[in-house]
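To start, the structure under review is shown below, and the notes come after it.
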Amino acid sequence: MSAELSKQPVVKEVPPKGDDLSAWYTAVCLRAELVSYSPVRGCVVLRPYGFGLWENLQRELDARFKATGHENAYFPLLIPESLLMKEAEHVEGFAPEVAWVTHGGSEKLTERLAIRPTSEVIIGTMYAQWIESHRDLPILINQWCNVVRWEKATRPFLRTMEFLWQEGHTAHATAQQAREETLKILDVYRDFAENVAALPVYAGVKSASERFPGAEETYSIEALMPDGKALQSATSHDLGQNFAKAYDITFADADGTTKHVYTTSWGMSWRMLGAVIMAHGDDRGLRLPPKLAPLEAVIVPIVKASDRRALDVAEQLRAALAERGFRVRVDDRDQTPGWKYAEWEIRGVPVRIEIGPRDVESASVTLVRRDKRKGEEGASRNVPTSGVAEALRETLGAVHENLFAQAKEFLTTHTFAVSEREEFLERCSSRAGMIDVAWCGRPECEAFVKAQTGATTRNLRALEGQARCVACGESARVRAYFAQSY
RNA sequence: CGGGACGUAGCUCAGCUUGGUAGAGCGCCGCGUUUGGGACGCGGAAGUCGCAGGUUCAAGUCCUGUCGUCCCGACCA
């Protein structure tokens with residue numbers, strides 16, 4: 001963005017995105033009525049428009065879980081302290097951010113209860129009761145719930161003390177099945193990110209230091225934000241037998257011996273919505289991917305004192321589109337059309353349908369795309385009223401593709417394959433984006449890079465051929481994306 | 001958790017230095033005229049100045065504490 005353009009906000013109440021991403025992000029979250037701050041520190045209220053985003057995320061992701069054989073269930077919010085303590089690494093990882101219930105009414109509890117920061121513990125305990133035989137496996141359960149982590153610094157969606165997410169927990173007879181499950185879900189997350197959220201991501205395995213406490217392996221999808229920082233958007237963990245051993249989850253196998261199960265866990269939170277907001281938004285506010293948008297289209301009737309026909313036409317069109325499954329509303333509030341255009345642009349509705357006297361005369365409507373700038377090629381077009389449903393379907397698809405293409409272009413042009421040490425450190429320090437390098441895989445090496453530059457490995461993938469670690473010069477074992485992260 | 005900034009009307013902020021009866025713009029409500037990119041006129045409502053103490057005849061203003069928000073860093077799946 002040019003300096004001249006940056007001086008005046010394009011939209012009042014929303015500062016230019018390129019000037020200060022943090023200020024832009026917070027302003028948009030509030031102004032678009034996604035969230036409100038609440039009287040509780042670090043906790044936000046998810047308003048109806050924001051909850052609409054979450055509902056669509058849920059619907060799309062849940063359908064994918066169901067399609068891969070998972071069922072939903074619900075487990076308790078509170079976890080007895082003694083239960084939590086059984087898996088040492090896990091406890092150590094979460095201890096600093098667990099909130100505790102110490103009293104019931106005025107009576108002090110004999111045992112403290114943790115408010116779940118995640119549910120491996122309580123679910124593992126139940127699995128121990130439910131599983132007896134290899135015939136009981138696999139167990140494939142997901143729950144949609146809230147969790148609490150006592151965070152020090154919070155921001156809407158990206159890091160809040162209480163947040164909404166889904167957590168899947170599965171148990172399997174063999175290590176291989178657990179690994180396959182972990183990778184299957186990783187691919188569900190990648191598919192969701194790309195085809196629902198219009199967000200290109202890098203999927204891969206986490207380094208040892210970035211691994212979930214108690215996991216054998218953690219996999220993640222990582223998106224790139226406009227400031228060059230990476231945002232971990234979902235994780236999938238292969239827990240091996242660690243939790244099975246801690247919580248004594250065993251089964252009688254076909255060969256007659258008793259064995260520990262292999263478990264997995266995986267989660268995506270409303271943090272994904274933060275990634276969507278930041279990656280796609282522009283100087284005029286939100287730009288929502290159609291599949292997540294609470295409203296796919298808003299109809300703005302333009303009425304004159306002498307001609308109020310547009311109002312009826314708009315309502316008929318709304319009913320016809322709703323009938324065909326579109327999420328639409330008519331904005332018939334007492335405001336000028338220009339006011340409504342600006343308002344719905346801030347709130348990111350993918351398509352605006354204008355109906356004025358001219359359109360009524362010609363039995364047509366005007367479709368305007370939010371993802372394009374005013375006057376840009378293809379930003380608006382006039383279509384016959386009879387063909388609106390088809391045109392809308394087509395346009396929503398095009399908006400998704402365009403948002404994805406723009407985000408992909410950003411990711412591609414901000415991913416740097418680097419083999420020189422100096423350039424590597426410089427790009428890491430300057431938040432250039434995803435720095436793609438050959439890496440030795442040693443925790444000391446990663447710690448050194450973090451201390452020098454603030455960047456860590458986001459995730460790793462196989463190294464082809466032979467190379468030297470870009471940071472320390474030892475023999476490289478993997479390829480890694482380094483970046484500073486949220 | 002460390003460093004910095006800020007809490008005054010729904011929002012953005014002025015007023016604080018030098019203590020003396022609470023201000024503006026936008027928004028909101030009513031009526032009328034309007035409506036193809038944030039309309040206009042007239043009238044109106046709205047704030048225990050984040051909260052709690054203290055100093056003072058008198059505190060939005062000075063002092064202490066506390067809660068919250070933002071930024072930078074540390075921490076964090």
Side-chain angles (χ1 to χ4, degrees), chain A residues 9-15 20-27 30-31 36-44 89-90 93-98 117-118 120 147 149-156 158-159 161 163 165 167 206-215 217-222 230-237 265-269 271 284-285 300-308 310-311 331-346 352-361 365-366 368 373-375 379-380 382 450-451 454 456-459 484-486:
Chain A
V10 177
V11 176
K12 57 184 171 190
E13 296 169 51
V14 177
D20 180 348
L21 185 64
S22 286
W24 174 90
Y25 177 79
T26 306
L30 296 171
R31 181 59 250 275
S36 272
Y37 287 111
S38 74
V40 191
R41 181 182 83 80
C43 297
V44 295
E89 257 187 68
H90 188 61
F94 279 105
E97 48 188 49
V98 171
T118 178
E120 275 73 10
V147 292
R149 298 178 188 181
W150 214 257
E151 301 287 355
K152 290 161 184 166
T154 61
R155 314 182 63 191
L158 300 179
R159 176 165 286 119
M161 297 219 309
F163 58 92
W165 75 345
E167 49 178 327
K206 285 288 195 181
S207 70
S209 55
E210 296 285 323
R211 198 177 287 151
F212 177 76
E217 291 287 12
T218 289
Y219 297 81
S220 74
I221 57 171
E222 304 276 338
L231 184 63
Q232 175 177 295
S233 308
T235 48
S236 184
H237 315 291
S265 70
W266 25 274
M268 178 184 287
S269 75
R271 185 178 224 210
R284 287 181 296 163
V300 178
I302 296 143
V303 296
K304 314 263 182 195
S306 57
D307 184 353
R308 305 186 61 79
L311 216 48
D331 189 351
D332 58 359
R333 290 177 294 179
D334 183 21
Q335 297 286 358
T336 62
W339 186 92
K340 292 173 186 175
Y341 298 166
E343 178 70 11
W344 291 111
E345 280 168 4
I346 291 173
R352 176 172 79 235
I353 304 176
E354 303 175 9
I355 305 178
R358 292 204 296 271
D359 302 292
V360 174
E361 283 306 323
V365 303
T366 304
V368 182
R373 272 189 288 275
K374 189 184 173 189
S380 82
N382 201 256
K450 184 177 183 183
T456 52
T457 60
R458 300 328 303 151
N459 57 34
Q484 295 189 32
S485 75
Y486 271 91

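Proteins get letters first, then strands, A, B, ... in listed order; numbering begins at 1 in each.
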Review item, nucleotides 32-37 of chain B N/O atoms under 3.5 Å of protein N/O:
| from | atom 1 | to | atom 2 | distance (Å) |
| --- | --- | --- | --- | --- |
| rU35(B) | O2' | V303(A) | O | 3.4 |
| rU35(B) | O2 | Q335(A) | O | 3.4 |
| rG36(B) | O6 | G356(A) | O | 3.2 |
| rG36(B) | O6 | P357(A) | N | 3.0 |
| rG36(B) | O6 | R358(A) | N | 2.6 |
| rG36(B) | O6 | D359(A) | N | 3.3 |
| rG36(B) | O6 | D359(A) | OD2 | 3.4 |
| rG36(B) | N1 | D359(A) | OD2 | 2.5 |
| rG36(B) | N2 | E354(A) | OE1 | 3.0 |
| rG36(B) | N2 | D359(A) | OD2 | 3.3 |
| rG37(B) | O6 | E345(A) | OE2 | 3.3 |
| rG37(B) | O6 | R352(A) | NH2 | 2.6 |
| rG37(B) | N1 | E345(A) | OE1 | 3.3 |
| rG37(B) | N1 | E345(A) | OE2 | 2.7 |
| rG37(B) | N2 | E345(A) | OE1 | 2.7 |

**Request:** For residues P156(A) and V44(A), report the shortest heavy-atom separation together with the two atoms involved.
**Result:** CA-CG1, 4.4 Å

**Item:** R41(A) CZ: over 12 foreign heavy atoms closer than 6.0 Å
**Value:** yes

**Message:** Could you tell me how far rU8(B) sits from rA45(B) if I compare only their P atoms? Round to whole Å.
**Reply:** 23 Å

Review item, nucleotides 5-8 of chain B N/O atoms under 3.5 Å of protein N/O:
none

**Prompt:** Rounded to the nearest Å, what distance is computed from the CD atom of residue E343(A) to the P atom of nucleotide rA39(B)?
**Reply:** 12 Å

**Message:** Let's test this: given Watson-Crick or G-U wobble pairing with both distances under 3.5 Å, identify the partner of rG19(B).
**Reply:** none

**Item:** Pairing partner of rG41(B) (Watson-Crick or G-U wobble, both distances under 3.5 Å)
**Value:** rC31(B)

**Request:** Show your working on side chain to side chain contact (heavy atoms under 4.5 Å, CB included) between R352(A) and E345(A) and close with a plain yes or no.
**Result:** CA-CA 9 Å; R352(A) 176 172 79 235; E345(A) 280 168 4; 3.0 Å; yes

**Prompt:** P atom, rA58(B) versus rG19(B): distance in rounded Å?
**Reply:** 15 Å

**Message:** Mind checking if W266(A) touches a base, just sugar-phosphate, or nothing, with heavy atoms under 4.0 Å?
**Reply:** nothing

**Message:** If you define the side chain from C-beta out and look only at heavy atoms, does anything of W150(A) sit under 4.5 Å from M161(A)?
**Reply:** yes

**Asked** Y341(A) pairs by side-chain contact (heavy atoms from CB on, under 4.5 Å) with which of V300(A), T336(A), D331(A)?
**Response** V300(A)

**Request:** Please measure how far the C1' atom in rC76(B) lies from the corresponding atom in rG4(B), and state the result in whole Å.
**Result:** 22 Å

**Complete:** If pairing means Watson-Crick or G-U wobble with both distances under 3.5 Å, then the partner of rU48(B) is none

**Message:** When you compare the side chain of F212(A) with that of E120(A), does any pair of heavy atoms fall below 4.5 Å?
**Reply:** yes

**Request:** Can you sort out the partners of W24(A) under ring-ring contact (aromatic ring centres under 6.0 Å, His included), two or more places apart, ordered by chain and number?
**Result:** none

**Asked** Given the P atoms of rG30(B) and rA24(B), what is the spacing between them in whole Å?
**Response** 22 Å

**Asked** Taking atom C1' in both rU64(B) and rU55(B), what distance in whole Å separates the two?
**Response** 11 Å

**Prompt:** For rU56(B), what is the paired nucleotide under Watson-Crick or G-U wobble rules, both distances under 3.5 Å?
**Reply:** none

**Asked** Base, sugar-phosphate alone, or nothing: which one does G375(A) contact when heavy atoms must sit under 4.0 Å apart?
**Response** nothing

**Message:** Is the shortest side-chain heavy-atom distance between R211(A) and E89(A) below 4.5 Å?
**Reply:** no

**Prompt:** Mind checking who rA14(B) pairs with, Watson-Crick or G-U wobble, both distances under 3.5 Å?
**Reply:** none

**Prompt:** Taking only residues two or more places apart in sequence or in another chain, which ones pass side-chain hydrogen bond (donor to acceptor under 3.5 Å, both in side chains) with D20(A)?
**Reply:** none

**Message:** Nearest heavy atom decides the nucleotide; on that basis, is F212(A) or K340(A) closer to the 5' end of RNA chain B?
**Reply:** K340(A)

**Message:** Rounding to an integer number of angstrom, what distance separates rC42(B) and rG47(B) when you compare their P atoms?
**Reply:** 25 Å

**Fill in**
Re rA5(B): Watson-Crick or G-U wobble partner, both distances kept under 3.5 Å, found to be rU69(B)

**Whole-Å distance separating the CD1 atom of I346(A) from the P atom of rC11(B)** = 16 Å

**Item:** pair K304(A)-P357(A): side-chain heavy atoms closer than 4.5 Å
**Value:** yes

**Request:** Considering only atom C1', compute the distance from rA52(B) to rG7(B) and round it to an integer number of Å.
**Result:** 15 Å

**Request:** Report, as a single string ordered 5' to 3', how protein heavy atoms within less than 4.0 Å touch nucleotides 70-75 of chain B: B base, S sugar-phosphate only, - not at all.
**Result:** SS-S-S

**Item:** Whole-angstrom distance between rG23(B) and rG41(B), as gauged at atom P
**Value:** 24 Å

**Asked** When the distance from CD of Q232(A) to P of rC76(B) is rounded to whole Å, what number comes out?
**Response** 13 Å

**Asked** Considering residues at least two apart in sequence or located in another chain, which fulfil the side-chain hydrogen bond (donor to acceptor under 3.5 Å, both in side chains) criterion with Y37(A)?
**Response** none

**Prompt:** Under 4.0 Å between a Lys/Arg side-chain N and an Asp/Glu carboxylate O for K206(A) and E222(A)?
**Reply:** yes

**Request:** Flag the pair E210(A) and R458(A) as a salt bridge only when some basic side-chain nitrogen lies within less than 4.0 angstrom of an acidic carboxylate oxygen.
**Result:** yes

